[in-house]
Number of protein chains: 2
Amino acid sequence: VIRRVAILGTGLMGASVGLALRRAGFAGSIFGWDRSAKALLQAREMGAVDAPPPEMEADDPFICAMAADVIVLAGPVFSIAEWLEQLGPVLGPGQVVTDVGSVKGWLMERAAAVYNGPGQPRYLPGHPMVGKEQSGTAGAEGSLFEGGAWLFLPVGGEAGEHEAEWQEWVRRMGARVVEMGAEEHDRLCAAVSHLPQMVGTALASMLAERFGQNPAEMERVRAVGGRALREMTRLGASPYSMWRDIAHTNAGEIERVLLALEQELAHIRENLRTGELRRSFEEANVFRRGLVG
Amino acid sequence: VIRRVAILGTGLMGASVGLALRRAGFAGSIFGWDRSAKALLQAREMGAVDAPPPEMEADDPFICAMAADVIVLAGPVFSIAEWLEQLGPVLGPGQVVTDVGSVKGWLMERAAAVYNGPGQPRYLPGHPMVGKEQSGTAGAEGSLFEGGAWLFLPVGGEAGEHEAEWQEWVRRMGARVVEMGAEEHDRLCAAVSHLPQMVGTALASMLAERFGQNPAEMERVRAVGGRALREMTRLGASPYSMWRDIAHTNAGEIERVLLALEQELAHIRENLRTGELRRSFEEANVFRRGLVG
């Protein structure tokens, strides 16, 4: 029953959703909009979104959204919030707004007044647990969601058929659908996603301060660094523009896990020459076995 | 002119050296020894080392070493030190001992009295900048050194032809030979190798404390965690038995970089809601561009 999807924000995530939908066999229309005309054109050229609907004279996000059964908000968290607030009053009760934001409690509060009540459109909070350190339309891939989790958060009110069907499309894109509440989501994502990002940024930033001033030293780091260095700093390439919003809107949970990690690092530092170091390694070994089998 | 190589320690590194030598076309003998009879047998079965020399009745590391032109010490740092001290007095001036230890200043001090003087064997300190989080012979690969750096540290005295030839074999194994002094080595490796390891261990250990006690929560982490989590904790699988020695013998340098990272993490934590966070992300972006182009 979903015939028209609108994707607002055709960067890495938004364009990947479009490509993945097509790859999964979605035959309806996919309207796209991006505040960057270049990103929108690129998304059209790669087939992630279609040409604009005929009733549209110029690219207009509101006309895109109003013409769609499902509207996917695919930008940084603050921009998702802005769209949620602006679209709520203009959409009808049969329409579903979903998103790809990495923080959910804050967004759900913003949406509460204008969604999911009688006569209101639906907001289905979503969050694919995939990504790349490089943002931008050019990196979009139809296979981006394959094998990853795509979280959905239950909301009150009466769900229409579009919501169940959207989750079915997400499964066809290759993702595992996982449901959880907002509190668990934001606590868990702080630990398994936001913290690893901040650690990658901190490590790369600290190494930049130490070696980056001196081109000869940086050349040495480049010549000598192996897989461990490349891997542990990969997330250092992530853009501030995206993470600013996540840091701001999930600050409490991120602070908590950052502090716990700082304490663990200090414990390791104080025990480099003692047998206490064994405990940290053995706990880490257990975690890895639990994580990857 | 190198006809016989002895590898003491046929775990991941030692067995990989044997396989890589064969792959590079080395046609001489490769003797092997390991304190674990099982690891030695496994290395022989995979063709990483040969059957023992005919003059040997039982597996004997001293006979292996004394029969070889080049002896590769491939165990944890403390075991390398022990072998260096025990072999120095029994080897002749034409023989070269080299190693794969990740800390060099401490080992070079241990070797100083019995190597590289007139009438003494040579010690050529070496360190391939590759590895895996899983130790053990079973993971050995002839391609392990391809594309990685292999560091050598200059020592005094008169180098024989075996040393230059060994470095040539290292190149044929696919590695880039890089030379540097002990102080630079230990400072640089603390930052680009030992620190990433401690961070991976700390992150995995802290997550184990937070989620590992509760199987349902750990299952949730497993279901939700994406590439960032898997990658940033991969090194958490590394064995204490190997890292204990590195932590102990390069503690001063590791403490310094750990402290700097703790400070950077605290800075990020204190600025999750401020524009100061931009600086950390932008510095990290610059480091990544410098590292991977």
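Keep in mind that this is a model prediction, so the values were computed, not measured. Lettering follows sequence order; numbering is per chain, from 1.
Counting heavy atoms from C-beta on, the side chains of A:Met206 and B:Leu195 come closer than 4.5 Å.
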side-chain contact (heavy atoms from CB on, under 4.5 Å), that's the test. Do A:Glu209 and B:Glu264 meet it? Break it down for me. CA-CA 10 Å; A:Glu209 278 173 37; B:Glu264 181 62 38; 3.4 Å; yes
For the pair A:Thr201 and B:Glu283, evaluate side-chain contact (heavy atoms from CB on, under 4.5 Å) and give the outcome as yes or no after the intermediate values. CA-CA 8 Å; A:Thr201 295; B:Glu283 279 183 355; over 6 Å; no
From CA spacing to verdict: salt bridge (charged side-chain N to carboxylate O under 4.0 Å, His left out), A:Glu231, B:Arg227: CA-CA 11 Å; A:Glu231 197 172 67; B:Arg227 177 177 172 198; over 6 Å; no
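Put simply, of A:Ser205, A:Pro196, A:Ala204, A:Gly225, the one with the most heavy-atom pairs under 4.5 Å next to chain B is A:Ser205. Most heavy-atom pairs under 4.5 Å with chain B, from the set A:Met180, A:Arg244, A:Gln197: that is A:Met180. Of the listed residues A:Gly131, A:Gly212, A:Ala191, A:Cys189, the one with more heavy-atom pairs under 4.5 angstrom with chain B than any other is A:Ala191. Residue with the most contacts toward chain B among A:Arg210, A:Arg220, A:Met218: A:Arg220 (heavy-atom pairs, distance under 4.5 Å). Counting heavy-atom pairs under 4.5 Å between each of B:Ala223, B:Pro239, B:Gly226 and chain A puts B:Ala223 at the top. Highest contact tally toward chain A, considering only B:Glu133, B:His127, B:Arg187, is held by B:Arg187 [criterion: heavy-atom pairs under 4.5 Å]. Ranked by heavy-atom pairs under 4.5 Å with chain B, the first of A:Arg279, A:Met129, A:Glu255 is A:Glu255.
Contacts of A:Val130 with chain B are absent, with no heavy-atom separation under 4.5 Å from either backbone or side chain. For B:Pro128, no part lies near chain A; criterion is any non-hydrogen pair under 4.5 Å. Contacts between A:Glu219 and chain B at a heavy-atom distance below 4.5 Å are absent for every atom of the residue. For B:Ser280, the parts lying near chain A are the backbone and the side chain together; criterion is any non-hydrogen pair under 4.5 Å. A:Arg234 touches chain B through backbone and side chain together, each having a heavy atom under 4.5 Å away. Neither the backbone nor the side chain of A:Gln263 comes within contact range of chain B; no heavy atom of the residue lies under 4.5 Å from a heavy atom of that chain. Using a 4.5 Å cut-off between heavy atoms, A:Pro215 does not touch chain B at all. Heavy-atom distances place both the backbone and the side chain of B:Leu261 under 4.5 Å from chain A. For B:Leu259, the parts sitting under 4.5 Å from any heavy atom of chain A are the backbone and the side chain alike. When heavy atoms are compared at a cutoff of 4.5 Å, B:Leu207 approaches chain A by way of both its backbone and its side chain. Neither the backbone nor the side chain of A:Glu282 has a heavy atom closer than 4.5 Å to any heavy atom of chain B.
Listed in order of number, the residues of residues 265-278 of chain A that approach chain B to under 4.5 Å between heavy atoms are A:Leu265, A:Ala266, A:Ile268, A:Arg269, A:Leu272, A:Arg273, A:Thr274, A:Gly275, A:Leu277, A:Arg278. Listed in order of number, the residues of residues 142-150 of chain B that approach chain A to under 4.5 Å between heavy atoms are B:Ala149.
In this structure, A:Arg35 places its CZ atom where only 12 or fewer heavy-atom neighbours from other residues, nucleotides or ligands lie under 6.0 Å away.
Annotation: side chain to side chain contact (heavy atoms under 4.5 Å, CB included) contacts of B:Asp186 (sequence neighbours excluded): B:Val103, B:Lys104, B:Asn250.
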Donor-acceptor contacts, no H, no angles, side chain residues 284-293 of chain B, under 3.5 Å, sequence neighbours left out:
residue	atom	partner	partner atom	Å
B:Asn285	ND2	A:Gly236	O	2.7
B:Asn285	ND2	A:Ala237	O	3.4
B:Asn285	ND2	A:Ser238	O	3.1
B:Asn285	ND2	B:Phe281	O	3.1
B:Arg288	NH1	A:Arg230	O	2.8
B:Arg288	NH1	A:Thr233	OG1	3.0

